[in-house]
Each structure stands twice: as C-alpha cells, then as structure tokens.
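Here's the structure we're looking at; comments come further down.
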Number of protein chains: 2
Amino acid sequence: MAQKTSPDKIFETALAVFAKYGFRRTRVEDIATELDIATGTLYRYVKNKKDLYEKTVMFGIKRWQTKVFEAIAGIEDVTEQFIVMAKKGYGYLADDVHLRQILITDPSIFPLTPRKVRFPEIDIASINLIKSILKKGVKKKVFCNIDINMTAELFYSFYVMFIIKTYIKSDGHSTQQMFENGLELILNGLLRKA
Amino acid sequence: MAQKTSPDKIFETALAVFAKYGFRRTRVEDIATELDIATGTLYRYVKNKKDLYEKTVMFGIKRWQTKVFEAIAGIEDVTEQFIVMAKKGYGYLADDVHLRQILITDPSIFPLTPRKVRFPEIDIASINLIKSILKKGVKKKVFCNIDINMTAELFYSFYVMFIIKTYIKSDGHSTQQMFENGLELILNGLLRKA
DNA sequence: TGAAAAAATGAATGTTTTATTCATTTTTTC
DNA sequence: GAAAAAATGAATAAAACATTCATTTTTTCA
C-alpha cells in the first residue's frame with residue numbers, strides 16, 4: 001500500500017467536517033477519525049488546527065477556481081468567456097455544498113462589514129481573472145471603454161453578494177434567477193452599442 | 001416586567017440548541033445566549049449541564065405525550081382510540097423536528113442494542129397508555145384475548161422502530177406509508193373476527 | 001416610598017476537553 | 001535487510017468550558 005493518506009484526501013474530508021460543525025465545534029480528532037488515521041498523522045501535513053482550516057479552505061477555493069479557468073480556457077469570444085466565467089463559477093459553487101457552507105458561514109472570508117479579510121488571495125485571484133477578461137473585451141472593442149479595475153471589483157462584489165444571498169433565502173424569486181438577471185444587466189451595460 | 005425567563009422558555013430553547021449541535025457540542029453559554037440571559041441564571045433552574053439536558057428532553061417528551069392524551073381523551077370507540085393514539089402520536093413527533101432529532105440521535109434514549117436506557121419514564125408512560133387502550137378493547141370484546149403486557153411492548157417496539165426508521169431513509173416507500181401499513185396489519189390482528 | 005426578598009449578573013475558579021508533541025512502532029524503499 | 005519515511009497514540013501543555021458566588025438589579029408588598 002502507498003501512503004495511508006494524501007493531502008487531497010485530508011482536505012476533502014476536512015472540508016466536509018468543518019462545513020458540518022464549523023471551526024470551533026470540530027475537533028482535530030473528528031477529522032482524523034473520519035479519515036481513519038491517528039491524530040498525530042495530521043500534523044505531518046499541517047502546523048496546527050488553524051493551519052489545517054486555512055489549507056482546507058484554500059484547497060476548496062483553488063479547486064473551484066481551477067474549474068472556472070478550465071471552463072473558459074478554450075473560448076475565443078470575450079462576451080461568451082465573460083458569461084461562462086460568471087455562470088459556471090456560480091454553478092460550480094452551488095454544487096459544492098461544503099465549500100459554500102464554509103464561505104457563507106465564516107465571516108472572515110467574505111465580511112459584510114469592512115474588516116480584515118482572512119484569505120485575500122481568494123479575492124485577488126478572482127478579481128484578476130475578471131480583470132483579464134474585461135481587458136481583453138475593451139481591447140477588442142467588444143466592451144465599452146470602462147475603468148477596468150473599478151469594474152472588476154464592482155462585478156466581484158456583485159458575485160460575492162450572491163454567494164451570501166444564497167443563504168439569506170429570498171422570497172419569491174430564486175437566487176439563481178436574480179443572479180442571472182443582474183448578470184444580464186451588467187453584460188448589457190458592458191457591451192458597446194453597435 | 002415579570003421574570004426575565006421561565007422554565008418553559010428555557011427548555012423550548014434548549015431543545016432547539018441541543019437538537020442543532022448535540023449534547024457535547026453545545027455549550028451552556030450557547031443556550032444562555034439564545035435566551036438572552038446570563039449563564040449563571042440558567043443554574044437557578046437546573047443543577048448542571050446534564051440536568052439541563054435531561055429536563056429538556058423530558059419537557060419535549062411530556063409535551064408530546066400530553067398532546068396524544070388530549071387527542072384520545074374524548075373518544076369512546078376503542079378501535080378509533082387505538083388508531084388515533086398511533087397516528088397522532090406519530091404525526092406530532094414528525095412535526096416536532098427538534099425533539100425528533102434528539103430522540104433519533106441520542107442512543108441512550110432508544111438504544112438499538114440492549115443497554116441501560118437513560119429515560120425509562122418515557123417508555124413506561126407510553127407503554128402504560130398502550131396497555132390501557134388494549135385492556136379496554138379486550139374487556140369490551142372488541143380486541144382478541146391477547147396478552148396485554150406483551151402486546152403493548154410489542155406495539156411500542158414497532159412504534160420506536162419507526163421513530164428511528166425516519167432517519168434511516170428508506171428507498172421507495174415513505175416511512176409514513178410503511179408505518180400506516182404496519183399499523184393496519186396490527187390492528188387487523190387485534191380485532192376480533194365477527 | 002423604601003426595605004426585604006427574589007432574580008439576574010458575569011468575572012473568577014477549577015475541571016474537562018482538546019490541541020499538540022514526540023518517543024516508539026510500522027511500513028516502505030531500494 | 002538496513003535506512004528512510006510514515007504512522008501511531010500516550011503524554012503533556014494549552015484552551016475551552018462548566019460552575020460558583022459576591023455583587024447588582026429588579027420586584028414585591030407594607
């Protein structure tokens with residue numbers, strides 16, 4: 001038998017356990033037990049509980065971001081690239097219930113009021129992706145001549161709002177519906193009128 | 001203002017919190033916070049955390065049993081009384097998600113393997129109710145001349161099995177359906193043939 | 001109103017739980 | 001089969017938690 005466990009397996013399991021109980025209520029032992037390994041073994045992969053949590057969150061996010069990158073990789077048309085980035089990104093997250101639970105629950109990831117953010121890399125990576133698409137669109141004169149930095153951040157806020165909104169349970173309209181509606185509006189504003 | 005809180009309010013809240021996190025993962029402070037009172041105040045009503053839990057469970061059960069008693073109170077016909085006891089009892093429990101969560105999760109309430117039961121009063125009260133209905137039915141010659149004690153325990157086991165079964169998630173048939181099916185069978189066996 | 005009784009508070013304390021380490025054992029590598 | 005890597009879990013340190021109680025606040029009732 002190869003190694004009894006692997007980083008991927010550890011973080012996948014930890015994601016589920018942290019999602020179920022939250023950081024405070026999960027014991028390191030809970031995760032070890034779920035993995036069927038000794039507690040000490042976990043410490044060969046992480047420095048401490050906090051580190052385990054952070055690596056776990058980053059694992060989830062990275063996996064999500066990778067999927068989005070792959071989804072837009074082959075696409076030539078900027079407009080479509082923008083749409084796919086937005087819709088698939090949203091869809092993949094909706095599917096990953098554990099990651100979503102954590103993103104929604106942990107106020108240090110997407111704070112509702114301004115304060116220190118725990119994982120700035122997440123925002124940077126996502127905003128950069130948006131920027132690169134916007135830049136391409138502006139250059140190709142498909143999008144209006146917008147302020148790329150500001151628009152990227154604006155769009156990212158819109159995105160995050162919907163991640164959190166999922167939890168707030170809107171009445172009447174489904175969040176999915178509202179998201180697509182807002183997306184259309186933004187895209188419309190973005191496109192150069194012929 | 002009258003007292004800031006009351007036993008009923010405390011146990012109602014505690015029921016929800018214990019149901020959400022389980023005994024180990026809930027802190028006494030969690031319940032106090034939810035009630036918007038200080039931790040120390042709780043100790044005016046209960047001896048310790050274990051006592052709080054036990055009183056909470058008993059509060060939930062008592063409320064359930066009272067509802068069942070009230071539901072059958074005015075009924076004359078034994079057969080109908082039996083049916084109402086069984087169906088309403090099951091229905092009330094299905095509605096009380098917090099109580100059900102605790103009954104299903106805590107193995108010391110309805111153990112699947114023989115061991116010391118934590119709340120014997122629960123079983124005694126329920127079995128006694130069943131016995132009293134059976135006794136009346138036999139006396140009135142509506143039910144067959146069964147062994148009342150044994151049949152009461154048998155029926156109670158059937159009942160408990162379905163409380164737990166709810167959790168096991170059967171495929172195909174709904175638990176509700178299966179319960180009513182079994183109930184019909186038992187009732188049929190119980191009734192004297194004309 | 002105001003003095004006694006009842007209720008509520010939350011900081012302080014001691015116990016329990018939990019995180020973390022590391023000497024030892026087991027498994028893998030070559 | 002010897003060295004290196006991985007895994008273990010009992011032991012220890014650190015943190016979380018339950019519980020107490022001296023003090024404050026609120027209610028009661030003359």
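Protein chains get the first letters and strands the later ones, always in sequence-line order, with residue 1 at the start of each.
The side chain of A/Arg24 places an N or O atom within less than 4.0 Å of a non-bridging phosphate oxygen (OP1 or OP2) of D/dC17. Put simply, B/Thr41 has no side-chain N or O that comes within less than 4.0 Å of OP1 or OP2 on C/dA7. Between B/Tyr53 and D/dA18, a side-chain N or O to OP1/OP2 separation shorter than 4.0 Å is absent.
Going from atom CD1 of A/Ile31 over to atom OG1 of A/Thr26 covers 4.5 Å, rounded to the nearest 0.5 Å. To the nearest 0.5 angstrom, A/Asp96 atom CG is 9.5 Å from A/Trp64 atom CH2.
DNA chain C forms stems at C:1-30 with D:1-30, each a run of 3 or more consecutive Watson-Crick or G-U wobble pairs whose two key distances fall under 3.5 Å.
Nearest nucleotide to the side chain of A/Asn48, out of D/dG9, C/dT20, C/dT9: C/dT20. Closest to the side chain of A/Arg27, out of D/dA18, C/dA19, D/dC17, is C/dA19. The listed nucleotides are D/dT20, D/dA6, C/dA19; the one nearest the side chain of A/Arg44 is D/dA6.
Sequence order on DNA chain C of the closest nucleotides to B/Asp36 and A/Thr39 puts B/Asp36 first from the 5' end. Mapping A/Tyr45 and B/Lys47 onto DNA chain D by nearest heavy atom places A/Tyr45 closer to the 5' end of the strand.
In this pair, A/Phe158 and A/Phe179 present their aromatic rings parallel. The plane angle is below 30°, not in the 30 to 60° band.
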A/Ser108 and A/Asp106: CA distance, side-chain angles, deciding distance, side chain to side chain donor-acceptor pair (under 3.5 Å) verdict: CA-CA 5 Å; A/Ser108 77; A/Asp106 183 341; 2.8 Å; yes
